[in-house]
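Remarks on the structure that follows.
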Amino acid sequence: MTEHLAVDGGTLAYEVTGSGPLIVLAHGMGDSRAAYRAVAPQLAAAGYRVAAVDLRGCGESDADWPQWSRTAIAGDLTALIRHLGGGPAVLVGHSISGGAATIAAAREPGLISAVVELAPFTRKQSVRLADLRVRRFRRGMARLLGAGVFGSRSLWRSYLDLAYPGVRPADWDERIARIDALLREPGRMKALRGMGRTTPADAGAHLAGVRCPVLVVMGTQDPDWADPHAEGAAIVDALPPGLGHLEMMEGAGHYPHDQFPDRVVALVLAFLRADAARA
């Protein structure tokens with residue numbers, strides 16, 4: 001059941017399932033909380049209270065917002081955690097929300113016990129000439145830029161075709177139709193373009209200030225980076241020593257949680273068990 005929370009700048013939509021320690025699931029740009037439709041029930045069945053949220057501008061949340069930065073999204077996520085009892089919560093963020101989760105964890109350590117970053121944009125990005133020799137990356141970057149510059153739903157769909165290499169969800173056609181329908185709504189493409197124009201430098205500036213364990217999950221076939229492993233390793237290296245752990249998911253693109261939800265859930269639960277054992 002959809003619930004709503006008024007925060008500074010607008011209203012967020014979210015839904016909660018299960019009971020137990022709190023896990024908050026935050027999706028990437030151009031998407032909705034439906035990205036976690038196969039993950040949330042498994043985490044709830046494992047004994048967690050799972051809150052899946054529509055980011056500002058996305059899903060059933062308000063469309064028009066004054067800011068699209070990771071810092072702004074981090075404020076939304078911590079507001080939701082407070083609204084749901086103050087945590088401490090496990091924060092799972094995909095892509096732009098991975099960077100937002102980093103900021104939230106560094107700024108509000110009492111609210112967040114652990115962070116899971118799925119294919120995250122958490123550092124300032126740079127492109128080397130050698131990167132452009134990687135066809136997967138070259139094609140993905142062109143389609144992402146095109147979707148952002150022109151506000152093109154067809155280019156976004158073309159990007160998603162690359163971002164889901166190989167295995168796709170059984171409800172792929174319905175998933176894509178739902179994404180397209182949402183982006184047709186007034187203001188939704190503006191949100192996608194606004195998020196796409198932001199820089200992850202604000203998240204990178206907070207990496208050294210994180211005090212909780214962090215799991216970074218990267219797909220080996222993610223078209224958003226020429227070398228996904230190098231990007232994930234750089235995030236872990238920028239965290240305080242011993243806090244970060246990188247897992248590479250063979251065959252996954254930019255949406256490992258949607259391509260391989262069972263594998264992602266298994267990684268998250270193992271990570272949380274290991275953290276509990278250390279505590």
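Numbers for residues simply follow the sequence, beginning at 1. Just the heavy atoms: all of them, side chains too, but no hydrogens, waters or symmetry mates, feed the values below.
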Search all heavy atoms of [X] against all heavy atoms of [Y] and return the closest pair with its distance.
X	Y	value
Val39	Pro261	CG2-CB, 3.9 Å
Asp131	Ser126	OD2-O, 4.1 Å
Ala226	Val134	CB-CG2, 3.9 Å
Ala100	Ile73	CB-CG2, 3.6 Å
Val53	Arg33	O-CB, 3.6 Å
Asp202	Ser69	OD2-CB, 4.1 Å

Taking [X] for the side chain and [Y] for the main chain, is one N or O donor matched with an acceptor at less than 3.5 Å?
X	Y	answer
Glu250	Met248	no
Thr220	Gly251	yes
Asp62	Thr11	yes
Arg188	Gly59	yes
Gln259	Gly253	yes
Glu231	Asp227	no
Arg49	Gly20	no
Asp171	Glu174	no
Ser61	Asp54	yes

Taking 4.0 angstrom as the limit, do [X] and [Y] come out as a salt bridge?
X	Y	value
Asp161	Arg168	yes
Asp222	Arg136	no
Arg37	Asp258	yes

Quick check for you: to the nearest 0.5 Å, what is the distance between [X] atom [atom1] and [Y] atom [atom2]?
X	Y	atom1	atom2	value
Leu160	Leu155	CG	CG	11.0 Å
Leu12	Leu55	CG	CG	8.5 Å
Met189	Leu182	CE	CG	11.0 Å
Ile81	Leu91	CD1	CG	5.0 Å
Leu43	Leu269	CG	CG	6.0 Å
Ser154	Tyr159	OG	OH	15.5 Å

Verify the cluster assignment for [X] and [Y]: are they in a single hydrophobic cluster under the rule of side-chain heavy atoms below 4.5 Å apart?
X	Y	result
Leu272	Leu118	yes
Val24	Met29	yes
Met195	Phe150	no
Val16	Leu25	no

Report yes or no: do [X] and [Y] form a side-chain donor-acceptor pair below 3.5 Å?
X	Y	result
Ser32	Glu60	no
Tyr14	Asp76	no
Glu15	Thr2	no
His245	Glu247	yes

**OP:** Take Arg175 and Asp31, measure what salt bridge (charged side-chain N to carboxylate O under 4.0 Å, His left out) needs, and give me the verdict at the end.
**Re:** CA-CA 10 Å; Arg175 166 100 163 113; Asp31 210 338; 2.8 Å; yes
Original post:
When you look at CZ of Arg193, are more than 12 heavy atoms from neighbouring residues, nucleotides or ligands closer to it than 6.0 Å?
Top reply: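 Yes - once you tally the heavy atoms of other residues, nucleotides and ligands closer than 6.0 Å, there are more than 12.
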Original post:
Are more than 12 heavy atoms from other residues, nucleotides or ligands located less than 6.0 Å from atom CG of Asp8?
Top reply: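 No, not enclosed.
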Subject >> Side-chain heavy atoms of Leu132 within contact of Phe137, under 4.5 Å >> reply: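 Yes, close enough: below the 4.5 Å cut-off.
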Original post:
Are Phe121 and Trp225 close enough that their ring centers fall under 6.0 Å?
Top reply: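 Between Trp225 and Phe121, which both carry aromatic rings, the centre distance is below 6.0 Å.
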**OP:** Measure centre to centre between the rings of Tyr36 and His27, then say whether the value is under 6.0 Å.
**Re:**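 Ring-ring flag for Tyr36/His27: false, centres at least 6.0 Å apart.
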Output a table of donor-acceptor pairs, distance under 3.5 Å, between side-chain atoms of residues 106-116 and any protein atom two or more places apart or on a different chain; print 'none' if there are none.
from	atom 1	to	atom 2	distance (Å)
Glu108	OE1	Arg82	NH2	3.0
Glu108	OE2	Arg82	NH2	2.8
Ser113	OG	Ala89	O	3.4

Subject >> Ring geometry between His94 and His254 (parallel below 30°, tilted from 30 to 60°, perpendicular above 60°) >> reply: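 Tilted, since the angle between the ring planes falls between 30° and 60°.
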Could you give the side-chain donor-acceptor pairs of residues 209-218 under 3.5 Å, partners two or more places apart or in another chain?
from	atom 1	to	atom 2	distance (Å)
Arg211	NH1	Ala208	O	3.1

